Structure formats: C-alpha cells, structure tokens
Amino acid sequence: MTQRLFHGTKVRLTGRRPDDAAIMAAWMEDDFYPRLVDTDFARPVSADSLAARESDADASHVSFRIRTVADDRLVGFCALFNIEWNNRSATLAIGIGKAEDRGKGFGAEALQLLLRYAFMELNLHRLSLDVISYNEPAIRAYRRAGFKEEGRMREAVYREGKRYDRLIMGLLKSEWQPC
C-alpha cells in the first residue's frame, strides 16, 4: 500500500468533529453556498439540525469533512449516499463552504480522494451525481475527474426568476483514472 487513503497534498478527509456543525451552519447563511450544493430552496439551518442529519450507523451513507493539511481548517464536506451494495453504486456530493476557499483545488483534490475511497476501498462500480447547470466550476471539476453527462433534467431548478437544468453525471470504475 503506497497511497494514503484520506490524505492529499492540500486537503485530507476526516470524520466529523463537535464544532463542525456550527461552522457548516454558518456556511448555510451565505446567500450563494446553499444554492450551489442543493436544489431545494435556500434557508439557514441550525447547527443542531445539521448534526441530527448524520448517523454513523447508516450503511448506505458515508460522509467526510474536508480539512486543509496546512492548518486543519474545515473547508468543506463530501459524501457517498444512496449506496446500493448489491449494485455497487452510490451517489456523490461535495461542497466547499466559503467563497474564498473555492478555486484553490481543495474540492478537486477531495473529489479524487473520495473517488479513490469509493472505487478502491468500498469496491464500488459506479458513482453518480447531479449538478445545477450554472455551477460551471463544479461541472469542469467533475469532467476532469472523468464524469460524463448521462442526462439532463430540463428547467428543473428555479432561481431568481430563471430556470436551470440539472445535469446527471456518472463515472464507472473502469473509466476512472487515479491521479
């Protein structure tokens, strides 16, 4: 074994910590962040509510926090959910909380760590995700990682008087090129 499972050069994947929910709740108060990571209507969410959503006992869900290697600062989250063990498939989600932490490669590296974990540790065969069409940086990162557009839910998201498509993307283990 030559590669560290949860560590990259910029970020590492960790479990949740007691202070994480408060930090992530503050991200939800941003006007833009909830509109990047969710298609539901944006609203502030309490730390207690966020903490109650996760359970370590759920075998169909694995979540991580994204922390910087340099200073162990929480910058995001990533997860595999709706894991279907019989089909060896899961849905992927990832988000970088503060605007000033986006565009620095944290998300791209965390995505690669999560893909390695999904394909090499969990032995999954297929990953899928959906992303709103205006989230162009995420779409570029997913394509660089090998995801292919498999479908489109036309005009599925309504924001500020406009309609946007939801892109459905997928990646098979055989298509994945580890970095």
Side-chain angles (χ1 to χ4, degrees), residues 6 8 10-83 90-115 117-118 127-142 145 147 152-169:
F6 303 117
K10 295 180 181 186
V11 297
R12 62 193 186 94
L13 305 183
T14 71
R16 66 178 180 233
R17 296 181 185 164
D19 296 341
D20 290 352
I23 295 167
M24 295 174 78
W27 298 344
M28 295 301 289
E29 293 176 4
D30 179 308
D31 292 335
F32 197 63
Y33 173 77
R35 293 170 155 195
L36 287 176
V37 298
D38 200 349
T39 58
D40 202 357
F41 57 89
R43 67 188 177 279
V45 179
S46 72
D48 291 340
S49 175
L50 283 174
R53 287 183 189 176
E54 290 187 324
S55 167
D56 292 331
D58 185 354
S60 69
H61 183 100
V62 179
S63 64
F64 297 100
R65 300 297 186 254
I66 303 168
R67 297 184 192 285
T68 59
V69 168
D71 59 3
D72 197 44
R73 185 169 51 87
L74 179 65
V75 294
F77 80 96
C78 58
L80 299 169
F81 61 99
N82 295 333
I83 299 172
T91 304
L92 178 148
I94 188 167
I96 300 299
K98 291 185 175 182
E100 58 264 25
D101 290 326
R102 296 182 204 126
K104 294 184 176 180
F106 297 154
E109 187 173 79
L111 178 61
Q112 285 301 320
L113 290 170
L114 188 61
L115 294 176
Y117 179 77
L127 297 174
S128 62
L129 59 86
D130 71 270
V131 59
I132 304 168
S133 60
Y134 60 68
N135 194 347
E136 294 173 9
I139 294 167
R140 283 193 302 274
Y142 296 141
F147 280 85
R152 183 177 288 257
M153 296 171 65
R154 297 174 303 132
E155 298 185 5
V157 178
Y158 183 74
R159 299 278 159 81
E160 297 180 4
K162 294 182 183 177
R163 294 243 170 231
Y164 298 92
D165 294 352
R166 277 173 78 174
L167 280 61
I168 310 303
M169 302 181 83

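Below, all heavy atoms of this structure are taken into account, side chains as well, without hydrogens, waters or symmetry copies. These figures come from a predicted structure and were not determined experimentally.
Atom CD1 of residue I132 and atom CG of residue L36 lie 7.5 Å apart, to the nearest 0.5 angstrom. Separating the CG atom in D165 from the CZ atom in R154 is a distance of 8.0 Å, to the nearest 0.5 Å. A distance of 7.0 Å separates OG1 in T14 from CG in L74, rounded to the nearest 0.5 Å. Put simply, CZ on R43 and OG on S49 are 8.0 Å apart, with the number rounded to the nearest 0.5 Å.
Nearest heavy atoms, V157 versus R166: CG2-CG, 3.6 Å. Listed here is the closest heavy atom pair of A25 and A47: CB-N, 3.7 Å. Closest of all the heavy-atom pairs between L80 and A118 is CD1-CB, 3.8 Å. Here the shortest heavy-atom pairing between A93 and L114 reads O-CD2, 4.3 Å. Listed here is the closest heavy atom pair of R102 and G97: NH2-O, 2.7 Å. Considering all non-hydrogen atoms of both residues, L50 and A21 come closest at CD1-O, 3.7 Å.
Judged purely by atom type and a 3.5 angstrom limit, N82 has no side-chain atom pairing as donor or acceptor with the backbone of A90. No side-chain donor-acceptor contact under 3.5 Å links E155 to the backbone of R163. Distance alone, capped at 3.5 Å, is enough to place a donor-acceptor pair between the K10 side chain and the K104 backbone.
Taking the side chain as every heavy atom from C-beta outward, D130 and T39 approach each other to under 4.5 Å. Between Y142 and L111, the closest side-chain pair of non-hydrogen atoms falls below 4.5 Å. Proximity of I66 to L13: side-chain heavy atoms (C-beta onward) are separated by under 4.5 Å at one or more points. Inter-residue side-chain proximity for L92 and F147 is flagged as met; some heavy-atom pair is nearer than 4.5 Å.
Aromatic ring orientation, F6 versus Y117: tilted (interplanar angle from 30° to 60°). The aromatic rings of Y33 and W27 sit perpendicular, their planes meeting at an angle over 60°, well past the 30° parallel limit. Relative orientation of the Y164 and Y134 rings is perpendicular, given thresholds of 30° and 60° on the angle between their planes.
Within the structure, salt bridge (Lys or Arg N to Asp or Glu O under 4.0 Å) pairs that include any residue of residues 25-35 comprise R35-E160 (at least two apart or interchain). The list of salt bridge (Lys or Arg N to Asp or Glu O under 4.0 Å) pairs with a residue in residues 60-82, not counting sequence neighbours, reads R12-D72, R17-D72, D20-R65, D20-R67, E54-R65, D71-R73, R73-D101.
Qualifying side-chain hydrogen bond (donor to acceptor under 3.5 Å, both in side chains) partners for Y158, counting only residues two or more places apart in sequence or in other chains: none. With sequence neighbours excluded, no residue satisfies ring-ring contact (aromatic ring centres under 6.0 Å, His included) with F77. With sequence neighbours left out, S60 forms a side-chain hydrogen bond (donor to acceptor under 3.5 Å, both in side chains) with D58. Here R140 pairs with nothing under the side-chain hydrogen bond (donor to acceptor under 3.5 Å, both in side chains) rule; sequence neighbours left out.
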